[in-house]
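Please read all numbers here as calculations on a predicted model, not as lab measurements.
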Amino acid sequence: MKLNERSLAFYATCDSPADNAGFLYKRGERHTAYHRRWFVLKGNMLFYFEERESREPVGVIVLEGCTVELCDSAEEFAFAIRFSGTKSRTYVLAAESQAAMESWVKSLSRASFDYMRLVVRELEKQLEEMRWGLTGGCGGCQESPGSWKTKPSGPQRSPEQLLALPAVLPKENGCAVWNNVPGEDRPPNTSGCGRYDGEGNPRPPPLPPRRRASSSEAGSAAGAAAESLSTFCQLHERYGREVARLRQDWLERRRGPRP
């Protein structure tokens, strides 16, 4: 696995919160002497520095595929980080107190992604059991915990129907016909262009395309407009006289019979 040194140095010294930090004694790989180093745990990476104020880490331990366990050593409160494999290195560390050792062992044991994956699975299992307990208390639910998955809305199609769908949708009047699955309850699309939306509601018919009128058509349209205007004036005058006559009769009846 390739690791970028600059990225690791920035991640080790940035302001992101650390899962654990403190001084530990680290035993050398070739020499068995212990050296006091400042350790910082972030995620599944354990960085160690020469001093607490150091700007760059001396090294990093990726905590994947390893186990953390107590070990016998000349130093008190010692524990080891062991990796699987014959040629893998074992890191031996020692804390300054019993409480610090227990804290580090617990933090390092929970740092790997494998541990987080197990925690997530356990939480999902507990959540399903809680949901199943709630449904069992209502008395009318007979579903198993595995049936709490999201169910798709709308009619379900069999694999045969899904395979029967054409790769290229047929067209009517230049528009694709989407309601071509046998067994659908929607009315057939006879005009094309999708008369029904995804929820089965009817759509308004499409507007016809606009075209420009020629000079002869424009002249005939102007004549028709003038003729319609004169017809409207005649109708207005006719019904106006009728309304005036009815109003006069109503006023006379309101005044009462003349003496």
| remark: Here the gap from Glu122 atom CD to Leu127 atom CG, rounded to the nearest 0.5 Å, amounts to 11.5 Å
| task | Please tell me if the side chains of Leu8 and Met45 come closer than 4.5 Å, counting only heavy atoms from C-beta onward. | result | yes
| query | Heavy atoms, side chains only, cut-off 4.5 Å: are Arg89 and Phe83 in contact? | reply | no
| task | State the CH2-CD distance between Trp38 and Glu53, to the nearest 0.5 angstrom. | result | 9.0 Å
| message | With a 6.0 Å cut-off (strictly less than), is the heavy-atom count around CZ of Phe10, excluding the residue itself, greater than 12? | response | no
| query | Hey, are the side chains of Ile81 and Val92 touching, using non-hydrogen atoms and a 4.5 Å cut-off? | reply | no
| query | Do Arg37 and Tyr48 meet the cation-pi criteria used here (NZ or CZ under 6.0 Å from the six-membered ring centre, within 45° of the axis)? | reply | no
| request: Please indicate whether Glu56 has more than 12 foreign heavy atoms, meaning atoms of other residues, nucleotides or ligands, lying under 6.0 Å from its CD. | output: no
| message | Could you check whether any side-chain heavy atom of Arg82 comes within less than 4.5 Å of a side-chain heavy atom of Cys71, counting everything from C-beta outward? | response | yes
| task | Go through the steps for Phe77 and Glu96 under the test side chain to side chain contact (heavy atoms under 4.5 Å, CB included), then give the verdict. | result | CA-CA 7 Å; Phe77 312 120; Glu96 296 180 345; over 6 Å; no
| task | Report yes if the side chains of Glu128 and Arg131 come closer than 4.5 Å at any heavy-atom pair, otherwise no. | result | no
| task | Pick out which of Tyr34, Tyr25, Phe79 makes a side chain to side chain contact (heavy atoms under 4.5 Å, CB included) with Ser73. | result | Tyr34
| Mind checking whether Tyr115 and Leu123 sit in one hydrophobic cluster, side chains of I, L, V, M, F, W, Y counted as touching below 4.5 Å? | yes
| query | Minimum heavy-atom separation for Glu75 to Ala94, with atom names? | reply | CB-CB, 3.8 Å
| request: Would you mind reporting whether Val60 and Leu46 have side-chain heavy atoms less than 4.5 Å apart? | output: no
| said: Measuring only between side-chain heavy atoms, which start at C-beta, is Trp104 closer than 4.5 Å to Leu24? | reply: yes
| Any side-chain heavy-atom pair from Phe39 and Leu41 closer than 4.5 angstrom? | no
| field | Axial cation check for Tyr11 ring with Lys42, 6.0 Å and 45° limits | value | yes
| field | Minimum heavy-atom distance Ser112-Asn44, with the two atoms named | value | CA-CB, 4.4 Å
| query | What distance do Arg52 atom CZ and Arg36 atom CZ have between them, rounded to the nearest 0.5 Å? | reply | 10.0 Å
| task | First locate atom OH of Tyr91, then atom CZ of Arg27, and finally report the distance between them rounded to the nearest 0.5 Å. | result | 12.5 Å
| request: Look only at the side chain of Ser103 and the backbone of Ala99, and say whether a donor-acceptor pair between them is shorter than 3.5 Å. | output: no
| Counting distance only, does the side-chain N/O of Glu64 pair as donor-acceptor with the main-chain N or O of Phe113 below 3.5 Å? | yes
| CZ on Arg241 to CG on Leu246, rounded to 0.5 Å | 13.0 Å
| message | Grouping I, L, V, M, F, W and Y whenever their side-chain heavy atoms are under 4.5 Å apart, do Val58 and Leu108 come out in a common cluster? | response | yes
| request: For Ser54 and Glu51, indicate whether the former's side chain and the latter's backbone hold a donor-acceptor pair under 3.5 Å. | output: yes
| field | Inter-residue atom distance Lys26.NZ - Ile61.CD1, 0.5 Å rounding | value | 7.0 Å
| task | Under the side chain to side chain contact (heavy atoms under 4.5 Å, CB included) rule, what do Asp19 and Arg110 come out as? Steps first, then yes or no, please. | result | CA-CA 10 Å; Asp19 298 319; Arg110 300 177 178 179; over 6 Å; no
